[in-house]
Amino acid sequence: MLETIWFVLWALLWAMYFILDGFDLGIGSLLPFAARSEGERRVMFNATGPFWDGNEVWLISAGGVTFAAFPKTYAVMFSALYVPLLLLLFALILRAVSYEFRNKIDHPAWRSLWDWVHFLTNFVAAVLLGVAFANLFRGIPIDANGVFHGNLLSFLNFYGLMGGLFFLVMFALHGALWLCFKTKGEMQERALSFVYLLWPATAICLVGFLWLTAFYTDLFKAYFSNPVLFIIPVIALVGLAGILFMLLRKQILLAWASSCVFIIAVTFFGVMGMFPRMLISSIDPAATLTAFNSASSELTLTIMLAVALVMVPIVLVYQFWAYRLFSHKLDPEQVASDSHSY
């Protein structure tokens, strides 16, 4: 029972990370296309600046839960996915540097350098997350000893690359919606035009990814054996449709919330399709790691659950306060004149 609870919490932590850092990655990936002036570029930095480091707490939490609740899965996963995870780490580090270094020197060439670093690191991180999770769904070549039989190119299969494209477009849509919420006037209209461009692109990528999922994985077996799980993809479709519905009603924040629902459902669709498997072996089914054969002791899981029930609400309250504090609209002229902004 505890193993199942922690498996669901593991999925929820990843979903929270995709929701919160997803709009950071999305806005960063849109930087060269959505901003036409220095003031607008600074608006895009400041739309995520107060939040990005707090949002990454959920990535650390997801990794920490994997380490503490499912140590064997953590050991094999971080060994097999060592290169892509290291690339993701470098991308996130350089993204952090781009926030802090961009305005250290008042020169267009210096700012342009860090603008491109910001764009590329967000772009690469979004794609890598999609590639990594698609390969988790598909299975990776590990043996009974947890030894990885492959290399970086093993992950760059067609299904993995489709997962990377899907995550990139999904995060870009999510980021464009956040930019609509944080801006006004001409920039908000431009961000809205990106939403209307990215929404059908996301829908097409979703259909393509689901079709390939049926072909390359066995995730749908869990759904046909337990039809109640089909509520998850239904919720995903409701969330995706809700984006347009709320935009037609001029409810931008609710449109962004609908995008959050979509991302949560997409995450749970894949993870619950794997259950109870956490690391699928593509070369030896017996080597597959599950929530039951890789979990910590019952005592450890019980203590962790008690701590989580206390600490997670505290983190949520703090983040709600932070988002509330920085919920004001951003104006390009005002931001450009503020020496303390990004």
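Throughout, numbering of the chain's residues begins at 1 and tracks the sequence. Any value given below was found using the heavy atoms of this structure, including those in side chains, with hydrogens, waters and symmetry copies removed.
Each of Phe275, Phe220, Phe230 was compared with Phe269 under the ring pair (Phe, Tyr, Trp, His ring centres under 6.0 Å) criterion, and only Phe220 meets it. Screening Asp21, Thr121, Thr48 for a side-chain hydrogen bond (donor to acceptor under 3.5 Å, both in side chains) with Arg95, the sole residue that qualifies is Asp21.
For residues 190-205, the pairs satisfying side chain to side chain donor-acceptor pair (under 3.5 Å) are Glu40-Arg190, Glu186-Arg190, with sequence neighbours left out. Among residue pairs with one or both ends in residues 107-136, those qualifying as salt bridge (charged side-chain N to carboxylate O under 4.0 Å, His left out) are Glu38-Arg111, Arg41-Asp115, Arg102-Asp115, Asp106-Arg111; sequence neighbours excluded.
Here the side chain of Lys329 pairs a donor or acceptor atom with the backbone of Thr183 at under 3.5 angstrom. Not a single donor-acceptor pair under 3.5 Å links the side chain of Lys184 to the backbone N or O of Leu330. Formation of a donor-acceptor pair under 3.5 Å by the Asn135 side chain with backbone atoms of Val131 is found in this model. Panel note: side chain Ser281, backbone Asp143; no donor-acceptor pair is recorded below 3.5 Å.
Every residue two or more places apart in sequence or in another chain was checked for a salt bridge (charged side-chain N to carboxylate O under 4.0 Å, His left out) with Asp24, and none qualifies. Checked against salt bridge (charged side-chain N to carboxylate O under 4.0 Å, His left out), Glu3 has no partners two or more places apart in sequence or in another chain. Asn226 meets the side chain to side chain donor-acceptor pair (under 3.5 Å) test with no other residue; sequence neighbours excluded.
Note on ring orientation: taking the six-membered ring where Trp is involved, the planes of Phe119 and Phe123 are tilted (angle from 30° to 60°). Note: Phe215 and Trp211 have parallel aromatic rings, judged against thresholds of 30 and 60 degrees for the angle between ring planes. Between Phe137 and Phe133, the ring planes are perpendicular. Angles over 60° get that label, and only those under 30° would be called parallel.
Residues Leu9 and Leu305 meet the side-chain proximity criterion, which asks for heavy atoms closer than 4.5 Å. Taking 4.5 Å as the limit, some side-chain heavy atom of Trp178 sits within range of a side-chain heavy atom of Phe51. Using a 4.5 Å cut-off on side-chain heavy atoms (C-beta onward), Gln319 and Leu20 make contact. Side-chain contact between Val76 and Ile142: present, with at least one pair of heavy atoms (C-beta onward) separated by less than 4.5 Å. You'll find the side chain of Tyr99 stays beyond 4.5 Å of the side chain of Trp114, heavy atoms only. Looking at heavy atoms from C-beta onward, Asn151 lies in side-chain contact with Ser154 at the 4.5 angstrom threshold. Side-chain contact between Ile252 and Gln188 is present, with at least one heavy-atom pair separated by less than 4.5 Å. Residues Trp110 and Phe101 are in side-chain contact: their nearest non-hydrogen atoms beyond the backbone lie under 4.5 Å apart.
Gln251 CD: more than 12 foreign heavy atoms inside a 6.0 Å radius. No more than 12 heavy atoms of other residues, nucleotides or ligands lie within 6.0 Å of OH in Tyr318, so this atom counts as exposed by the packing criterion. Within 6.0 Å of CZ on Phe148 lie more than 12 heavy atoms contributed by other residues, nucleotides or ligands. The environment of OH in Tyr323 is crowded: more than 12 heavy-atom neighbours from other residues, nucleotides or ligands sit within 6.0 Å.
Rounded to the nearest 0.5 Å, atoms CZ (Phe67) and OG1 (Thr73) are 13.0 Å apart. From Ile105, atom CD1 reaches atom CG of Leu113 across 9.5 Å, with rounding to the nearest 0.5 Å. The CZ atom of Phe166 lies 9.0 Å from the CZ atom of Phe171; values are rounded to the nearest 0.5 Å. Rounded to the nearest 0.5 Å, atoms CZ (Phe78) and OG1 (Thr66) are 6.0 Å apart. Residue Tyr216 holds its OH atom at 11.5 Å from CE of Met162, rounded to the nearest 0.5 Å.
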Checklist line | From CA spacing to verdict: side chain to side chain donor-acceptor pair (under 3.5 Å), Ser61, Tyr17 | finding: CA-CA 9 Å; Ser61 299; Tyr17 173 68; over 6 Å; no

Check: After noting the C-alpha distance and the side-chain angles of Val238 and Phe262, does the key distance pass the side chain to side chain contact (heavy atoms under 4.5 Å, CB included) rule?
Finding: CA-CA 8 Å; Val238 169; Phe262 174 65; over 6 Å; no

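Its side chain within the 4.5 Å cluster rule, Met246 clusters with Phe245, Leu254 among the Ile, Leu, Val, Met, Phe, Trp and Tyr residues.
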